[in-house]
Amino acid sequence: MKLALVVHMIFNALAKPKQRIVIQETPQGSVIDIGGGGEGVIARAGGAGIVAIDKYASEIHEARDKAPGTPWMVADATEMPCKSHGFDHATAFFSCMYMPDDAKENVFRETRRVLKIGGEFWIWDAHMAPKGNVFAIRLEVEIHDGHTINAVYGVKAKDQSTASICRLLQQAGFETEVITDQKYWFFIKAKAVAL
């Protein structure tokens, strides 16, 4: 990444107030965490039952020490090496912002494939607009055991909203159950329905 882009991303993140997210619970049972590398937030918050998948081995390497005992899988979430209907639930914590729209659609369809009917897909992510070069957000994430995780997520700016994610989820075979909108981020809980 070019230095100017990194500096702009950091400035962009600092220009917004730090966003506080409290994760009091994660889905129970077997959970596939999409894009779970880096900070490993869901693996740290969820503990047993979480299988984290990330496209990049470097992201898994970074997260592995933070969540020992979590099974990690290097794989592209558009083609997961998992059996159909093998997981109770799925999560994605600030992972969608890194995906182009066509990849999001494929990831959501693939996530639907690996979930049991009635399984929930929990998504935390950022509201973005394609103005400016980059988008960045600073997070302070409190997990149920009282630990706090500080992180900065940044990408090239693109269009992403609660509505666009809900539309893609519906097209992939999910029914939205819960939407929590904040100024800079959102949480969506959707259920896998019979196709």
Side-chain angles (χ1 to χ4, degrees), residues 23-126 141 143-145 149 153 155 160 162 164-180 186-195:
I23 299 178
Q24 296 176 341
E25 63 176 336
T26 55
Q28 298 300 301
S30 60
V31 178
I32 182 89
D33 182 33
I34 310 298
E39 291 301 319
V41 171
I42 299 302
R44 292 162 74 176
I50 304 288
V51 174
I53 183 172
D54 204 291
K55 187 175 180 176
Y56 301 105
S58 60
E59 292 290 315
I60 289 175
H61 179 71
E62 182 182 339
R64 187 173 274 144
D65 292 338
K66 298 170 186 170
T70 298
W72 297 92
M73 192 183 331
V74 177
D76 188 329
T78 62
E79 295 181 39
M80 291 187 251
C82 306
K83 68 180 185 173
S84 295
H85 313 294
F87 287 93
D88 296 318
H89 306 289
T91 55
F93 188 84
F94 287 83
S95 301
C96 297
M97 65 189 290
Y98 291 96
M99 302 173 198
D101 282 340
D102 59 337
K104 282 181 208 167
E105 186 175 346
N106 292 332
V107 168
F108 291 176
R109 281 200 167 97
E110 184 67 355
T111 301
R112 171 63 190 83
R113 180 188 69 78
V114 303
L115 284 186
K116 296 175 181 173
I117 301 295
E120 293 177 336
F121 190 9
W122 295 18
I123 300 172
W124 295 260
D125 223 296
V141 184
I143 57 178
H144 59 83
D145 65 0
I149 301 164
Y153 296 92
V155 295
Q160 178 175 279
T162 307
S164 69
I165 295 294
C166 286
R167 191 170 37 259
L168 290 171
L169 285 166
Q170 183 179 17
Q171 291 169 0
F174 289 94
E175 183 178 284
T176 304
E177 295 182 310
V178 174
I179 298 173
T180 302
F186 56 85
F187 170 73
I188 297 171
K189 189 185 295 186
K191 185 188 335 186
V193 294
L195 297 175

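The first residue in the sequence is number 1, and the count goes up from there.
Two residues are said to be in side-chain contact when any heavy atoms from C-beta on lie closer than 4.5 Å; Val31 and Thr26 fail this criterion. Under the 4.5 Å side-chain criterion, counting only non-hydrogen atoms from C-beta, Ile123 is in contact with Leu169.
Here the closest heavy-atom approach between residue Phe94 and residue Ala126 is recorded as CE2-N, 3.7 Å. What you find for Arg44 and Ile143 is that their closest heavy atoms are O-CD1, 3.7 Å. Closest of all the heavy-atom pairs between Ile179 and Cys166 is CD1-SG, 3.7 Å. Between Pro71 and Ile50, the shortest heavy-atom contact is CD-O, 3.1 Å. The shortest non-hydrogen separation linking Gly38 to Lys66 is O-NZ, 3.4 Å. The shortest non-hydrogen separation linking Asp88 to Gly29 is OD2-CA, 3.4 Å.
Interatomic distance, Glu105 CD to Met99 CE, rounded to the nearest 0.5 Å: 13.0 Å. Going from atom SG of Cys82 over to atom CE of Met73 covers 4.0 Å, rounded to the nearest 0.5 Å. In this structure, the separation between CD1 on Ile60 and CD1 on Ile53 is 8.0 Å, given to the nearest 0.5 Å. Between atom OG1 of residue Thr91 and atom CD of residue Glu120 there is a gap of 11.5 Å, rounded to the nearest 0.5 Å. For the atom pair CZ (Phe87) and CD1 (Ile32), the distance works out to 4.0 Å, reported to the nearest 0.5 Å.
Panel note: side chain His85, backbone Ile117; no donor-acceptor pair is recorded below 3.5 Å. Remark: side-chain polar atoms of Asp125 are paired, donor with acceptor, to backbone N or O of Ser95 under 3.5 angstrom. Listed for the Trp124 side chain is no donor-acceptor partner under 3.5 Å among the backbone atoms of Trp122. Side chain of Arg64 to backbone of Gly40: no donor-acceptor contact under 3.5 angstrom is found. Of the possible polar contacts, none joining the His89 side chain to the Gly119 backbone as a donor-acceptor pair under 3.5 Å is found. In terms of modelled atom types and a separation under 3.5 Å, the side chain of Arg112 and the main chain of Val193 share a donor-acceptor contact. Remark: side-chain polar atoms of Thr78 are not paired, donor with acceptor, to backbone N or O of Asn106 under 3.5 angstrom. The backbone N or O of Ile23 lies less than 3.5 Å from no partner atom in the side chain of Glu25, so there is not a single donor-acceptor pair. Panel note: side chain Glu110, backbone Met80; a donor-acceptor pair is recorded below 3.5 Å. Here the side chain of Asp76 pairs no donor or acceptor atom with the backbone of Lys55 at under 3.5 angstrom.
At most 12 non-hydrogen atoms from other residues, nucleotides or ligands lie less than 6.0 angstrom from CD of Glu79. No more than 12 heavy-atom neighbours from other residues, nucleotides or ligands sit within 6.0 angstrom of NZ on Lys191. For Gln171, the CD atom is densely surrounded, since the number of other residues' heavy atoms within 6.0 Å is greater than 12. Counted within 6.0 Å of NE2 on His144, heavy atoms from surrounding residues, nucleotides or ligands total more than 12; the atom is thus considered enclosed.
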task: Evaluate the side chain to side chain contact (heavy atoms under 4.5 Å, CB included) criterion for residues Phe186 and Gln160: first the C-alpha distance (whole Å), next the side-chain angles of each, then the deciding distance (0.1 Å), finally the verdict.
output: CA-CA 11 Å; Phe186 56 85; Gln160 178 175 279; 4.1 Å; yes

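Remark: of the listed residues Ile34, Leu168, Ile165, Ile165 is the sole one forming a side chain to side chain contact (heavy atoms under 4.5 Å, CB included) with Cys96.
Under the 30°/60° scheme for interplanar angles, the aromatic rings of Phe174 and Phe121 are found to be tilted.
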